[in-house]
Number of protein chains: 2
Amino acid sequence: MEHRIDRIKKQLHAQSYKLTPQREATVRVLLEREEDHLSAEDVYLLVKEKAPEIGLATVYRTLELLSELKIVDKINFGDGVSRYDLRKEGAAHFHHHLVCTECGSVEEIVEDLLEDVEKIVQDDWGFKVKDHRLTFHGICRQCQSEAVISSS
Amino acid sequence: MEHRIDRIKKQLHAQSYKLTPQREATVRVLLEREEDHLSAEDVYLLVKEKAPEIGLATVYRTLELLSELKIVDKINFGDGVSRYDLRKEGAAHFHHHLVCTECGSVEEIVEDLLEDVEKIVQDDWGFKVKDHRLTFHGICRQCQSEAVISSS
DNA sequence: TTTTTAAATAATATTAATTATCATTTATAG
DNA sequence: CTATAAATGATAATTAATATTATTTAAAAA
């Protein structure tokens with residue numbers, strides 16, 4: 001944890017930004033809830049627990065900054081809100097998501113899986129890929145097995 | 001054009017919805033601007049040109065309805081607005097997008113490309129894929145060649 | 001054809017997410 | 001220690017999207 005905070009601190013300093021107490025509190029929340037996909041409002045409420053004086057605008061500004069530095073990725077699953085997802089340590093690319101349309105759960109896929117596809121896009125379309133967003137919508141394992149039970 | 005309107009009419013009727021004049025005007029705009037990625041507001045303004053009495057709420061409702069019937073796909077490129085994209089005729093899946101971070105252009109890829117990946121997701125994660133969203137961010141061919149020219 | 005019922009619409013109010021403004025605080029450099 | 005810039009908190013403003021409601025339109029029943 002401290003190690004990752006330190007890395008992020010350096011990434012900020014490299015662009016002459018500071019890791020203020022508010023920014024650190026925000027980053028800590030993101031680290032603690034790495035498996036989740038929090039909205040700005042979610043983050044705000046969690047940060048408030050440990051730093052009650054923080055303002056909502058600061059959280060938005062911090063998330064925006066972290067997005068620019070590719071420390072977090074901003075993602076949208078089709079409900080009205082943006083969600084913020086910490087990039088995995090050392091990951092070159094954003095990871096993928098499996099959104100269950102039954103229960104709303106979100107699983108993450110860290111494996112690349114897109115190497116071949118990116119090569120095709122690069123070679124056949126002449127498009128230089130810098131980043132991607134891949135989300136699958138469907139039924140998660142859990143909901144599939146429940147469906148079997150309830151129909152039997 | 002008329003052929004596709006007819007198909008959509010049938011799809012609506014199959015679910016006992018009607019193709020009202022407002023809905024038809026909206027669909028026509030989507031067909032005419034198939035290459036674009038219009039927001040609800042964009043669609044509203046274009047529909048207003050041919051049917052000035054239409055209300056914004058009706059456009060939203062129509063786009064929502066067309067989404068449910070999988071006639072259009074709702075997509076979000078990270079700016080604050082949802083965009084609506086006609087599904088290609090007979091396409092089982094939503095197509096992919098190449099968003100240029102330089103000029104903002106959006107190219108479409110109709111080829112599937114994800115068959116292998118979906119198989120992996122299905123087999124290794126036990127996730128039953130129903131739909132997907134794949135967007136690449138990067139530099140389009142045009143902007144790449146311009147970059148070469150300007151740096152020489 | 002009239003009457004009845006339901007679906008769809010237009011206009012507008014409301015909500016909710018995000019951004020902008022601005023005075024104040026904090027940190028940094030001279 | 002002052003001067004300058006960066007960051008923050010509070011709140012106003014904006015904007016996309018949804019909800020409400022009275023009205024219109026269309027279909028079904030009598």
Side-chain angles (χ1 to χ4, degrees), chain A residues 8-9 11-29 37-69 71-85, chain B residues 8-30 37-69 71-85:
Chain A
I8 290 168
K9 189 174 188 173
Q11 285 179 269
L12 285 167
H13 286 166
Q15 313 279 329
S16 57
Y17 291 111
K18 307 170 225 176
L19 185 64
T20 63
Q22 292 89 339
R23 285 174 184 166
E24 187 175 332
T26 305
V27 169
R28 281 185 189 279
V29 163
H37 299 82
L38 304 173
S39 67
E41 188 79 28
D42 295 337
V43 174
Y44 171 63
L45 292 173
L46 290 166
V47 174
K48 246 181 131 55
E49 288 176 10
K50 44 180 69 171
E53 75 290 352
I54 201 166
L56 177 60
T58 300
V59 171
Y60 269 102
R61 278 183 297 236
T62 301
L63 292 171
E64 187 58 36
L65 177 63
L66 295 174
S67 281
E68 276 166 28
L69 301 186
I71 293 165
V72 308
D73 287 289
K74 194 174 178 178
I75 191 168
N76 194 301
F77 290 134
D79 54 348
V81 294
S82 294
R83 297 176 181 281
Y84 298 86
D85 209 355
Chain B
I8 291 169
K9 189 173 188 174
K10 278 178 192 138
Q11 285 179 270
L12 285 168
H13 285 166
Q15 312 279 330
S16 58
Y17 292 112
K18 307 171 221 174
L19 184 64
T20 63
Q22 291 91 338
R23 285 175 183 166
E24 186 175 333
T26 305
V27 169
R28 281 185 189 278
V29 163
L30 293 173
H37 298 83
L38 304 172
S39 67
E41 189 78 29
D42 294 337
V43 174
Y44 171 62
L45 293 174
L46 289 166
V47 174
K48 247 181 130 53
E49 288 176 12
K50 46 180 67 171
E53 75 291 351
I54 201 167
L56 177 58
T58 300
V59 171
Y60 270 102
R61 277 183 298 237
T62 301
L63 291 171
E64 188 58 36
L65 177 63
L66 295 174
S67 281
E68 275 165 30
L69 301 187
I71 293 166
V72 307
D73 287 289
K74 194 173 177 178
I75 191 169
N76 195 300
F77 291 134
D79 53 349
V81 294
S82 295
R83 297 178 180 281
Y84 298 85
D85 210 354

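Labels below follow one simple rule: chain letters A, B, ... track the order of the sequence lines, proteins then strands, and each chain is numbered from 1. Atom set for the values below is all heavy atoms of this structure, side chains included, hydrogens, waters and symmetry mates excluded. Predicted, not measured: the structure shown is a model, and the values here were computed from it.
- The two atoms that bring B:Q15 and B:L69 nearest to each other are CG-CD2, 3.6 Å, heavy atoms only.
- If you measure from atom CG of A:L45 to atom C1' of C:dA17, you get 14 Å, rounded to the nearest angstrom.
- More than 12 heavy atoms of other residues, nucleotides or ligands sit less than 6.0 Å from atom CZ of B:F77.
- Atom OG1 of residue B:T58 and atom CZ of residue B:R61 lie 4.0 Å apart, to the nearest 0.5 angstrom.
- Close approach of DNA chain D to chain B, defined as any atom under 4.0 Å from a non-hydrogen atom of the protein, starts and stops at D:dA16 to D:dT20.
- In this structure, NE2 on A:H13 lies 6.5 Å from CG on A:L19, to the nearest 0.5 angstrom.
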Trace of the side chain to side chain contact (heavy atoms under 4.5 Å, CB included) decision for A:V29 with A:L38: CA-CA 10 Å; A:V29 163; A:L38 304 173; 4.1 Å; yes
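- Within 4.0 Å (heavy atoms only), A:S39 reaches no atom of the nucleic acid at all.
- Spacing between atom CG of A:L56 and atom C1' of C:dA17 amounts to 9 Å, rounded to whole angstrom units.
- Nearest heavy-atom pair, A:S82 versus A:K74, reported as atom, atom and distance to 0.1 Å: OG-CE, 3.6 Å.
- Residue B:T58 places at least one side-chain N or O under 4.0 Å from the OP1 or OP2 atom of C:dA10.
- Contacts between residues 47-55 of chain A and DNA chain D, defined by a heavy-atom separation below 4.0 Å, involve A:E53, A:I54, A:G55, listed by number.
- Rounded to a whole Å, the OH atom of A:Y60 is 7 Å from the P atom of C:dA17.
- Side chain of A:R23 to main chain of A:K18: a donor-acceptor pair is present (N/O by atom type, distance under 3.5 Å, no hydrogens or angles).
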A:D79 and A:V81: side chain to side chain contact (heavy atoms under 4.5 Å, CB included), yes or no, with the steps? CA-CA 6 Å; A:D79 54 348; A:V81 294; 3.6 Å; yes
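- Here the CG atom belonging to B:L65 is positioned 10.5 Å from the OG1 atom belonging to B:T26, to the nearest 0.5 angstrom.
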All N/O pairs under 3.5 Å across the protein-nucleotides 21-27 of chain C interface:
none

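- We find the CG-OG distance between A:L63 and A:S39 to be 9.5 Å, quoted to the nearest 0.5 Å.
- Within 6.0 Å of atom NZ in B:K9, 12 or fewer heavy atoms from other residues, nucleotides or ligands are found, so the atom counts as exposed in its surroundings.
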